[in-house]
Amino acid sequence: STLVRVAKSASTLGIAIEGGANTRQPLPRIVTIQRGGSAHNCGQLRVGQVILEVNGVSLRGREHRDAARIIAEAFKTKERDHVDFLVTEFNVAL
Amino acid sequence: VREKRLTLPPSEITML
């Protein structure tokens with residue numbers, strides 16, 4: 001797995017995720033990276049990567065909306081000017 | 001186990 005630090009360089013994070021506990025994709029997977037968003041500007045996130053942790057918080061066992069909320073709040077908080085993602089190329093939960 | 005997995009629903013997609 002890889003730790004990717006995404007600076008909040010744009011007003012949006014700019015990723016779409018699918019998956020979460022109790023779905024076919026048990027951990028959130030990146031399905032889109034929008035051009036011009038912070039994630040795209042960072043240059044290290046890729047479509048297909050699975051998000052294991054956000055700012056050290058594990059997404060394992062979290063349902064889709066809960067995982068999405070955690071990511072959204074990590075981007076929104078003014079406590080940090082970045083979001084740390086632990087990602088992997090592999091579907092470790094499958 | 002494989003059959004059980006196939007019964008799991010697809011996930012919605014959220015843009016963040």
Side-chain angles (χ1 to χ4, degrees), chain A residues 4 6 8 10-42 45 47-51 54-55 59-77 83 85 87 91-94, chain B:
Chain A
V4 176
V6 176
K8 297 177 184 175
S11 61
T12 61
L13 177 58
I15 64 171
I17 58 160
E18 69 169 1
N22 303 318
T23 74
R24 289 174 198 163
Q25 172 61 45
L27 279 163
R29 190 175 71 96
I30 299 172
V31 291
T32 307
I33 297 180
Q34 280 191 323
R35 198 163 295 182
S38 296
H40 182 262
N41 293 346
C42 154
L45 290 178
V47 167
Q49 286 173 328
V50 172
I51 303 172
V54 178
N55 289 341
L59 298 186
R60 193 176 296 272
R62 299 192 190 268
E63 296 199 343
H64 178 80
R65 286 181 190 195
D66 196 21
R69 179 186 56 78
I70 288 169
I71 296 168
E73 287 180 357
F75 188 76
K76 199 169 73 174
T77 182
V83 183
F85 290 95
V87 298
N91 245 324
V92 290
L94 286 178
Chain B
V1 176
R2 188 175 186 84
E3 282 174 16
K4 189 179 176 186
R5 276 187 202 137
L6 291 173
T7 66
L8 287 170
S11 169
E12 56 193 305
I13 293 176
T14 300
M15 190 72 213
L16 294 159

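Proteins come first, then strands; the chains are lettered A, B, ... in the order of their sequence lines, and each starts at number 1.
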Give, for atom OG of B/Ser11 and atom NE2 of A/His64, the distance between the pair rounded to the nearest 0.5 Å. 4.5 Å
Identify which part of A/Arg65 has an atom lying under 4.5 Å from any heavy atom of chain B, answering side chain, backbone, both or neither. side chain
When rounded to the nearest 0.5 angstrom, what distance separates CE in B/Met15 from CD1 in A/Ile15? 7.5 Å
Looking at A/Ala16 and B/Ile13, what are the two nearest heavy atoms and their distance? CB-CG2, 4.0 Å
When rounded to the nearest 0.5 angstrom, what is the spacing between CD in A/Gln34 and CG in B/Leu16? 10.0 Å
Once rounded to the nearest 0.5 Å, what's the spacing between atom OG1 of B/Thr14 and atom CD1 of A/Ile71? 9.0 Å
